[in-house]
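Keep in mind that what you see is a predicted model, and the values were worked out from it rather than measured. We name chains A, B, ... by the order of the sequence lines, and we start the count at 1 in each one.
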Protein chains: 2
Amino acid sequence: MAEADRSTFIVADDHPLFREALIHAVHNCVPDAEVLEAESLATLYDVVESNPDADLLFLDLNMPGVSGFSALAYMRNNHGSMPTVIVSAVDDPAVIRRAIHHGASGFIPKSSPVRMIEAAIESILQGEVWLPENVELSGGGLDSEEARVAAAMSSLTPHQFRVLMMLGEGLLNKQIAYVLGVSEATIKAHVTAILRKMNVTNRTQAVLAVQRLNAQDAVLVE
Amino acid sequence: MAEADRSTFIVADDHPLFREALIHAVHNCVPDAEVLEAESLATLYDVVESNPDADLLFLDLNMPGVSGFSALAYMRNNHGSMPTVIVSAVDDPAVIRRAIHHGASGFIPKSSPVRMIEAAIESILQGEVWLPENVELSGGGLDSEEARVAAAMSSLTPHQFRVLMMLGEGLLNKQIAYVLGVSEATIKAHVTAILRKMNVTNRTQAVLAVQRLNAQDAVLVE
DNA sequence: GCCCTGATTCGACTTTTGGCTAATGGCAAC
DNA sequence: GTTGCCATTAGCCAAAAGTCGAATCAGGGC
């Protein structure tokens with residue numbers, strides 16, 4: 001579907017108005033750009049999978065289905081070549097730093113003025129990493145525990161990742177099986193694989209690990 | 001154990017240095033005060049239970065065993081007459097507001113200068129609610145969902161609360177039984193009661209509800 | 001083509017969970 | 001004392017969770 005001669009952008013954000021604003025900014029930078037939208041994690045999967053060659057993904061850090069860095073870890077693993085910019089209402093420097101360490105190509109606070117967003121797009125399209133003013137990537141990398149969890153999540157297959165996200169909503173295997181249209185036995189197999197890769201012994205622990213990864217405060221991370 | 005003629009204070013914080021500083025401040029305000037310490041949730045249970053008439057509890061919002069407002073909800077329920085001051089490195093006004101709405105008698109940022117901490121202690125001992133400068137309790141109360149979860153947790157018995165906290169560490173019923181020195185059947189009975197009170201259908205959902213209550217960022221709360 | 005790897009799928013089996021009943025003892029309020 | 005509520009436990013049962021082994025399928029390398 002993705003045409004080779006047109007730039008393709010994907011905007012993943014659950015807020016329609018902000019999506020629109022972002023699309024507008026993109027068109028100002030690249031007039032003939034094709035812009036696809038995703039308002040949830042589920043649609044993001046589809047859009048990304050059917051457009052694996054998109055030039056840039058704008059990803060809200062706080063979408064229904066995943067909060068935080070889980071979706072970023074997913075993109076990093078399954079579509080590592082697609083640059084991903086985090087767009088977020090949060091502007092805590094620690095969060096920004098973690099986003100970059102998790103592989104984001106940039107970070108755009110939702111409070112940014114339009115022309116700054118456009119400048120960010122230009123910059124990132126040239127392969128640079130864009131950060132808000134006054135933010136520096138000082139200090140070392142991620143917390144070792146956080147890096148471990150992120151690495152584990154990156155090793156998950158797409159199906160396993162989707163199952164893990166649904167575990168994080170407190171769904172039963174049976175419910176997940178129904179949503180994904182497969183048998184419960186299949187989901188159990190996925191769960192077992194997830195537990196092994198994440199080095200935990202039950203689903204509750206897996207969910208907790210994801211929650212810690214996604215936390216955007218100093219408390220659970222620390 | 002608590003003597004009627006001496007003021008008793010409890011300092012619950014996992015950071016020894018800060019505990020010491022706090023104790024020092026207390027002694028400056030009330031020279032003959034008896035000050036008890038707790039460095040974890042487990043010891044806090046014991047200290048509070050054996051000193052139910054303490055005059056004031058200093059509670060770190062981020063202790064090993066519980067992060068966030070769970071411990072506050074516990075105190076509110078089981079020792080409602082004991083004033084509890086939240087002490088925290090976080091100074092987000094939203095967090096402060098939520099702490100007060102969850103029944104705290106005050107909020108002391110860890111960054112406060114000593115004399116301000118002493119002023120806070122004086123003020124709270126007089127029955128007033130103490131807040132950092134520049135913070136107002138504007139607007140309404142808690143998010144309805146958050147209030148619902150807090151109310152549910154407040155309805156838990158002490159044992160049920162401890163079991164819930166251990167569920168939040170991903171432990172099996174068998175493991176919880178071993179730690180608490182009771183049979184697994186007892187834990188199952190507690191878990192069933194917890195699920196009913198919290199209006200969820202399985203332990204993972206119960207854990208998620210606690211996580212949302214404890215979250216100190218805008219993401220999970222929103 | 002053929003082989004190999006890994007993802008996905010699934011059924012059979014074991015363990016853990018959770019609901020229900022029932023019985024015991026302690027403790028506090030009425 | 002009686003009436004609750006809580007904590008404790010057992011036993012039973014159904015459902016859910018988790019493990020194992022195996023079949024199928026797709027893609028890449030030879």
Side-chain angles (χ1 to χ4, degrees), chain A residues 45 48-50 52 74 77-80 152-210, chain B residues 45-46 49-50 52-53 74 77-81 152-210:
Chain A
Y45 290 135
V48 167
E49 231 109 297
S50 52
Y74 174 81
N77 178 40
N78 299 101
H79 303 276
M153 285 193 42
S154 289
S155 75
L156 298 179
T157 69
H159 277 54
Q160 288 167 0
F161 185 86
R162 297 183 68 159
V163 171
L164 178 57
M165 292 303 102
M166 293 197 240
L167 290 184
E169 295 169 28
L171 299 182
L172 303 177
N173 289 338
K174 193 184 294 189
Q175 296 173 303
I176 298 173
Y178 178 78
V179 173
L180 296 185
V182 296
S183 85
E184 195 181 340
T186 303
I187 301 303
K188 288 181 180 180
H190 284 319
V191 172
T192 298
I194 291 168
L195 300 184
R196 238 195 268 288
K197 286 183 178 178
M198 299 193 66
N199 199 35
V200 294
T201 59
N202 62 53
R203 59 172 58 208
T204 302
Q205 288 175 1
V207 169
L208 287 167
V210 174
Chain B
Y45 291 134
D46 298 338
E49 232 110 294
S50 53
D53 299 321
Y74 174 81
N77 178 40
N78 298 101
H79 302 277
S81 64
M153 285 193 44
S154 289
S155 74
L156 299 179
T157 68
H159 275 56
Q160 287 167 2
F161 184 86
R162 297 183 70 157
V163 170
L164 177 57
M165 292 303 102
M166 292 197 241
L167 290 183
E169 295 168 27
L171 299 182
L172 301 176
N173 290 340
K174 194 183 296 186
Q175 296 173 303
I176 299 173
Y178 178 79
V179 173
L180 296 185
V182 296
S183 85
E184 193 180 339
T186 305
I187 302 302
K188 287 165 90 170
H190 285 318
V191 171
T192 299
I194 291 168
L195 299 183
R196 233 197 273 287
K197 286 183 178 177
M198 300 193 66
N199 199 35
V200 294
T201 59
N202 61 54
R203 59 175 57 209
T204 301
Q205 287 175 2
V207 169
L208 286 169
V210 174

Specify the separation, in whole Å, of atom [atom1] of [X] and atom [atom2] of [N].
X        : N      : atom1 : atom2 : value
B:Asn202 : C:dG19 : CG    : C1'   : 14 Å
A:Leu167 : C:dT17 : CG    : P     : 15 Å
B:Met198 : C:dG19 : CE    : P     : 14 Å
B:Leu172 : C:dT15 : CG    : C1'   : 10 Å
B:Leu171 : C:dT16 : CG    : C1'   : 14 Å
A:His159 : C:dG6  : NE2   : P     : 18 Å
B:Ile187 : C:dT17 : CD1   : P     : 11 Å
A:Asn173 : C:dG18 : CG    : P     : 13 Å

**Prompt:** the helix from C:dG1-D:dC30 to C:dC30-D:dG1: angle between its terminal axes, five pairs each, to 10°?
**Reply:**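 End axes: 30° apart.
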Does any part of the side chain of [Y], heavy atoms only, come nearer than 4.5 Å to the side chain of [X], both counted from C-beta?
X        : Y        : answer
A:Val179 : A:Arg162 : no
A:Leu167 : B:Thr204 : no
B:Asn78  : B:Glu49  : no
A:Thr186 : A:His159 : no
B:Met198 : B:Val210 : yes

**Request:** On the 0 to 90° scale, with breaks at 30° and 60°, tag the A:Tyr74-A:Phe161 ring pair as parallel, tilted or perpendicular.
**Result:**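 Rings of A:Tyr74 and A:Phe161: tilted, as their planes differ by 30° to 60°.
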OP1 or OP2 of [N] less than 4.0 angstrom from a side-chain nitrogen or oxygen of [X], does that happen here?
X        : N      : value
A:Arg162 : C:dT8  : no
B:Lys174 : C:dT16 : yes
A:Thr157 : C:dT8  : yes

**Message:** Reading DNA chain D from 5' to 3', where do the contacts with chain A start and stop? Cut-off is 4.0 Å to heavy atoms.
**Reply:** D:dA16 to D:dC20
**Minimum heavy-atom distance A:Ala206-A:Leu164, with the two atoms named** = CB-CD1, 4.2 Å
**Message:** Pick the closest DNA chain D nucleotide for A:Lys188 and for B:Pro158 by heavy atoms, then say which residue is nearer the 5' end.
**Reply:**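 It is B:Pro158, whose closest nucleotide lies nearer the 5' terminus.
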**Request:** Among B:Val191, B:Leu171, B:Val182, find the one that has a side chain to side chain contact (heavy atoms under 4.5 Å, CB included) with B:Ile176.
**Result:** B:Leu171
**Request:** Answer with base, sugar-phosphate or nothing: what part of the nucleic acid does A:Ala193 contact at a heavy-atom distance below 4.0 Å?
**Result:** nothing
**Message:** Within the 4.0 Å heavy-atom criterion, would you say A:Thr192 contacts the bases, only the backbone, or no part of the nucleic acid?
**Reply:**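 Touches a base.
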**Request:** Only counting residues at least two apart or in another chain, list the ones meeting side-chain contact (heavy atoms from CB on, under 4.5 Å) with B:Gln160.
**Result:** B:Leu156, B:Thr157, B:His190, B:Ala193, B:Ile194, B:Lys197
